[in-house]
Novice: 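Dumping the structure here so I can ask a few things about it.
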Amino acid sequence: MIRTKIKSALSASQSGETIKVCGWVRTRRDSKSGFSFVELNDGSCMANLQVVIDQSVPDYEAMIKDVTTGASVAINGKVHESPGKNQRIELHAESFHVYGTADPETYPLQKKRHSFEFLREIAHLRPRTNTFGAITRVRNEAATSIHRFFQSRGFVYIQTPIITTSDCEGAGEMFQVTTLDLKRLAQVQTEIDFSQDFFGKPASLTVSGQLEAEIFATSIGECYTFGPTFRAENSNTSRHLAEFWMVEPEMPFYDLEDNMALAESFVRTVVGDVLENCSEDMEFFNKRIDKTTLETLRNITDNEFIRISYTEAIKIIKASGKKFDFPIEWGSDMQSEHERFLTEEHFKQPVIVYGYPRTIKPFYMRCNDDGKTVCAMDVLVPGVGEIIGGSQREERYDVLVDRMKEGGLNPDEYWWYTDLRKYGTVPHSGFGLGFERLIQLITSMTNIRDCIPFPRTPKNAEF
RNA sequence: UCCUCGAUAGCUCAAUUGGUAGAGCGAGCGGCUGUUAACCGCUAGGUUGUAGGUUCGAGUCCUACUCGAGGAGCCA
């Protein structure tokens with residue numbers, strides 16, 4: 001018999017139907033009058049299927065003791081309307097089979113609440129919990145929604161390299177990639193000769209696919225990357241990972257205005273898709289994780305984002321009269337506390353800040369005519385802070401090269417990047433979105449380590 | 001990397017001024033029950049993160065280290 005997923009059983013199966021379901025036992029409640037209730041989950045949805053196994057079912061006495069929390073089972077039975085209050089239907093078993101037992105003495109997941117810190121230590125089992133099942137399904141929906149968003153607008157999905165030899169954009173410390181025998185080199189203590197290394201020169205894991213995406217934006221048109229990126233920063237916060245997934249669209253003939261419009265539409269569309277297609281999981285987050293989750297997200301889908309210039313933002317912060325740990329002046333970068341003030345207290349909704357001072361932004365951002373600011377923009381959201389950083393790119397060859405030198409970079413090492421300005425340059429723009437931060441925003445999970453299946457952070461790469 | 005806090009039973013936490021460890025949940029067993037965070041009773045389960053030090057005596061005080069959490073910086 002073909003297996004019916006619990007999601008479709010709960011939504012579509014009718015009384016009298018005979019079906020087969022498979023999954024993992026969440027709990028079992030015995031009745032000494034001769035039957036057991038089993039809550040079965042197969043990951044297809046949040047809800048469990050209640051299965052009733054009567055003592056008349058073959059091998060009941062011998063096998064029911066193995067049907068414990070965590071055990072995997074297959075059950076054939078008939079669908080009945082449930083007399084109980086918490087479910088529409090239930091399954092009355094006619095036969096059942098235990099694939100694998102789960103010793104209750106040692107199985108780490110108990111039918112009680114666990115701390116997220118503890119669950120991180122058992123990342124191989126945490127997807128079997130309600131919370132992480134929901135996060136996984138939401139993450140999947142967000143990922144497919146991102147592809148839909150761009151594909152429906154004619155964007156081309158580009159796969160940029162993960163290993164790179166360009167020390168690009170100084171976006172952070174990079175992880176070195178090498179096949180050299182470090183153990184032996186450490187013993188002989190000689191100067192390292194990278195010409196002997198796999199690529200003939202130092203190589204690293206990418207910190208961004210942006211520069212490569214620009215190549216395709218200036219040839220094939222609107223495009224985007226969606227892949228893993230790596231930062232070897234010793235960051236120990238609830239918003240940083242050493243390995244995270246980034247979405248980076250890049251568009252020719254877009255100015256900063258077009259860029260901001262796309263970014264806003266992008267966030268609102270993906271959030272809207274998750275609300276619509278993961279309603280059961282989202283109800284869970286709203287009930288169990290943060291009671292303002294749905295309100296915050298609907299605020300995002302239903303209202304236009306606030307757009308203010310950096311200069312205006314500084315004025316608002318200074319005029320607020322609020323005490324901050326760090327004073328702010330025009331020209332200094334905004335601290336977390338300032339960004340949070342804007343999006344969480346002052347406007348209470350997403351804010352796009354644009355036109356930052358050139359001195360605090362990287363070389364590839366287009367200089368404005370005032371000579372002081374660049375065409376940069378950040379999207380700030382309540383709870384998470386900066387979720388998107390983007391800019392109109394500097395398309396003028398001379399200005400770009402000057403900016404590189406200003407930042408202490410050698411233009412020769414970026415010859416292919418500057419070539420894009422030398423041959424058929426066009427105005428273009430793009431932005432980067434941290435995928436896990438988007439998941440943080442959507443699920444209200446406070447720690448980003450719970451928004452990716454296997455988090456990599458300083459001193460932790462288990463699993 | 002910096003600041004603050006923490007590490008005690010499988011999990012979540014207690015333990016006065018230093019006097020050799022308790023509860024709830026979970027688990028096992030028994031009872032009860034169309035149950036659903038089930039309920040009632042009994043039982044088992046601990047070199048108190050690691051390594052030193054002070055003391056007659058350390059979960060408790062001191063030092064170092066490891067790991068974790070919150071915040072900051074860096075950023076996405």
Side-chain angles (χ1 to χ4, degrees), chain A residues 26-40 47-54 65 68-70 80-87 90 92 102-122 129-130 169-173 207-210 228-248 263 288 324-326 333-340 360-362 378-381 384-390 431-441 446-452 457-460 462:
Chain A
R26 285 292 176 80
T27 68
R28 187 186 91 217
R29 296 179 294 274
D30 290 332
S31 170
K32 276 297 183 298
S33 57
F35 57 93
S36 302
F37 292 103
V38 173
E39 295 285 334
L40 196 67
N48 301 322
L49 176 65
Q50 175 163 290
V51 180
V52 181
I53 307 180
D54 191 82
K65 66 178 189 333
T68 59
T69 301
H80 284 246
E81 278 178 30
S82 178
K85 283 181 179 174
N86 296 356
Q87 57 278 321
E90 62 189 25
H92 289 207
D103 182 359
E105 293 277 5
T106 59
Y107 187 62
L109 290 175
Q110 306 167 349
K111 43 183 183 183
K112 56 167 285 193
R113 231 192 91 80
H114 293 289
S115 68
F116 294 132
E117 291 83 0
F118 171 68
L119 291 174
R120 256 170 244 153
E121 294 170 5
I122 49 168
T129 64
N130 285 336
E169 55 164 313
E173 289 296 311
V207 295
S208 164
Q210 178 198 318
T229 46
F230 309 86
R231 305 277 166 92
E233 299 286 351
N234 192 7
S235 293
N236 294 288
T237 80
S238 54
R239 301 185 309 282
H240 290 86
L241 292 164
E243 176 182 305
F244 64 99
W245 286 62
M246 192 147 63
V247 180
E248 295 177 288
R288 293 294 177 84
F324 292 101
D325 293 335
F326 294 89
D333 210 353
M334 278 196 274
Q335 309 288 320
S336 291
E337 57 176 347
H338 303 129
E339 295 180 344
R340 297 184 89 96
I360 58 172
K361 289 293 181 183
D378 285 351
V379 179
L380 313 177
V381 293
V384 179
E386 184 183 340
I387 197 169
I388 283 178
F431 62 81
L433 167 123
F435 186 53
E436 284 74 20
R437 287 193 182 170
L438 178 66
I439 302 302
Q440 253 188 305
L441 168 70
T446 54
N447 196 313
I448 201 166
R449 288 160 208 170
D450 299 323
C451 294
I452 188 168
T457 51
K459 301 279 190 286
N460 194 349
E462 192 71 42

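Chain naming here is simple, since letters A, B, ... match the order of the sequence lines and numbering starts at 1 in each. Being a predicted model, the structure only gives us computed values, none of them experimental.
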Novice: Is the shortest side-chain N to carboxylate O distance from A:E436 to A:R239 below 4.0 Å?
Specialist: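 Not counted as a salt bridge, because no side-chain N and carboxylate O are separated by less than 4.0 Å.
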Novice: Which nucleotide in the set B:rC75, B:rC74, B:rG70 lies at the smallest distance from any side-chain heavy atom of A:E386?
Specialist: B:rC75
Novice: CZ of A:R113 versus P of B:rC25: gap in Å, rounded?
Specialist: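 Going from A:R113 (CZ) to B:rC25 (P), I get 17 Å.
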Novice: Using a 4.0 Å heavy-atom cut-off across all strands, classify A:E105 as base, sugar-phosphate, or nothing.
Specialist: sugar-phosphate
Novice: Work out how far the P atom of B:rG49 is from that of B:rG10, and round it to whole angstrom.
Specialist: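 The same atom, P, in both gives a distance of 13 Å.
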Novice: What is the nucleic acid contact for A:I388, judged by heavy atoms within less than 4.0 Å: base, sugar-phosphate only, or nothing?
Specialist: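 It contacts sugar-phosphate atoms only.
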Novice: Base, sugar-phosphate, or nothing for A:H114, non-hydrogen atoms under 4.0 angstrom?
Specialist: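 Sugar-phosphate only.
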Novice: Can you tell me which nucleotide in B:rA69, B:rG73, B:rU12 comes closest to the side chain of A:F118?
Specialist: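 Given the options B:rA69, B:rG73, B:rU12, the side chain of A:F118 is closest to B:rU12.
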Novice: C1' atom, B:rG41 versus B:rU4: distance in rounded Å?
Specialist: 45 Å
Novice: Pick the nucleotide of RNA chain B nearest each of A:N234 and A:A242; which residue has the one closer to the 5' end?
Specialist: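 Result of the comparison: A:N234.
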Novice: From the list B:rU35, B:rC74, B:rA69, which nucleotide is the closest neighbour of the side chain of A:R449?
Specialist: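 So the nucleotide nearest the side chain must be B:rA69.
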Novice: Roughly how many Å apart are B:rU47 and B:rU8, using the C1' atom of each and rounding to a whole number?
Specialist: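 Looking at atom C1' only, B:rU8 and B:rU47 are 12 Å apart.
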Novice: Mind calculating the distance between CD (A:E436) and P (B:rC75) to the nearest angstrom?
Specialist: 19 Å
Novice: Send over the distance from A:K111 NZ to B:rA37 P, rounded to a whole Å.
Specialist: 11 Å
Novice: Please classify the nucleic acid contact of A:P104 as base, sugar-phosphate, or nothing, using heavy-atom distances under 4.0 Å.
Specialist: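 A:P104: backbone/sugar contact only, no base atoms under 4.0 Å.
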Novice: Would you call A:K361 and A:D378 a salt bridge, using N to O less than 4.0 angstrom?
Specialist: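 Looking at A:D378 together with A:K361, the answer is yes, because their closest N to O distance falls below 4.0 Å.
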Novice: Could you check which of B:rA76, B:rC74, B:rG34 has an atom nearest any side-chain atom of A:M246?
Specialist: B:rA76
Novice: Which listed nucleotide (B:rC74, B:rU33, B:rU36) is nearest to the side chain of A:S31?
Specialist: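 Closest nucleotide among those given: B:rU33.
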Novice: What stems, by residue range, does RNA chain B take part in, given at least 3 consecutive Watson-Crick or G-U pairs under 3.5 Å?
Specialist: B:1-7 with B:66-72, B:10-13 with B:22-25, B:27-31 with B:39-43, B:49-53 with B:61-65
Novice: Pick the P atom in B:rU48 and in B:rU36, then give their distance to the nearest Å.
Specialist: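 After rounding to an integer number of Å, I get 40 Å for this pair.
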Novice: By the 4.0 Å heavy-atom rule, please label A:D30 as base, sugar-phosphate, or nothing.
Specialist: base
Novice: Please pick, from B:rU35, B:rG68, B:rC67, the nucleotide with the shortest atom-to-atom distance to any side-chain atom of A:N460.
Specialist: B:rG68
Novice: Verify whether one side chain among A:Q87 and A:S82 offers a donor that lies under 3.5 Å from an acceptor in the other.
Specialist: yes
Novice: Please determine whether any donor N or O and acceptor N or O are separated by less than 3.5 Å between the side chain of A:E90 and the base of B:rG34.
Specialist: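 Yes, a donor-acceptor pair under 3.5 Å.
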Novice: What contact category does A:Q335 fall into here, base, sugar-phosphate, or nothing, at under 4.0 angstrom with non-hydrogen atoms?
Specialist: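 Counting heavy atoms under 4.0 Å across all strands, the contact made by A:Q335 is with sugar-phosphate only.
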Novice: Side-chain N or O of A:R26 less than 4.0 angstrom from OP1 or OP2 on B:rA37?
Specialist: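 No.
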Novice: Please measure how far the P atom in B:rA21 lies from the corresponding atom in B:rG26, and state the result in whole Å.
Specialist: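 Comparing P positions in B:rA21 and B:rG26 gives a spacing of 26 Å.
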Novice: Without decimals, in angstroms, what is the distance between A:F116 CZ and B:rC11 P?
Specialist: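 It works out to 17 Å between those atoms.
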Novice: Give A:S238 one of three labels, base, sugar-phosphate or nothing, depending on what nucleic acid heavy atoms sit under 4.0 Å from its own.
Specialist: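 Answer is sugar-phosphate: A:S238 comes under 4.0 Å of backbone atoms only.
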Novice: Just compare B:rG26, B:rA37, B:rA72 and give me whichever is closest to any side-chain atom of A:Q110.
Specialist: B:rG26
Novice: Provide, to the nearest angstrom, the distance between the CZ atom belonging to A:F326 and the C1' atom belonging to B:rG71.
Specialist: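 Distance check: A:F326 CZ to B:rG71 C1' gives 10 Å.
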Novice: Anything under 3.5 Å between a protein N or O and an N or O of nucleotides 2-5 of chain B, put it in a table, one pair a line.
Specialist:
none

Novice: Specify the separation, in whole Å, of atom NE2 of A:H338 and atom P of B:rC74.
Specialist: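 Whole-Å distance recorded here is 12 Å.
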Novice: Between B:rA14 and B:rG71, how far apart are the C1' atoms? Round to whole Å, please.
Specialist: 27 Å
Novice: Regarding A:N460 and A:R120, do their side chains bring together a donor and an acceptor under 3.5 Å, going by distance alone?
Specialist: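 A:N460 vs A:R120: no donor-acceptor pair found between side chains.
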Novice: Within the structure shown, what part of the strands sits under 4.0 Å from A:R239 by heavy-atom distance: base, sugar-phosphate, or nothing?
Specialist: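 Counting heavy atoms under 4.0 Å across all strands, the contact made by A:R239 includes a base.
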Novice: Hey, does A:T27 reach any base, or is it just sugar-phosphate, or nothing, if we go heavy atoms under 4.0 Å?
Specialist: nothing
Novice: B:rA7 and B:rA15: how far apart are their C1' atoms, nearest whole angstrom?
Specialist: 16 Å
Novice: Classify the nucleic acid contact of A:K85 as base, sugar-phosphate or nothing, counting any heavy atom under 4.0 Å across all strands shown.
Specialist: base
Novice: Stacking between A:F244 and B:rA76, defined as ring centres under 5.5 angstrom apart with planes under 30°, is that present or not?
Specialist: yes
Novice: Under 4.0 Å, counting only non-hydrogen atoms across every strand here, what does A:H92 touch: a base, just sugar-phosphate, or nothing?
Specialist: base
Novice: Using the C1' atom as the point on both nucleotides, what is the distance between B:rC61 and B:rU54, in whole Å?
Specialist: 8 Å
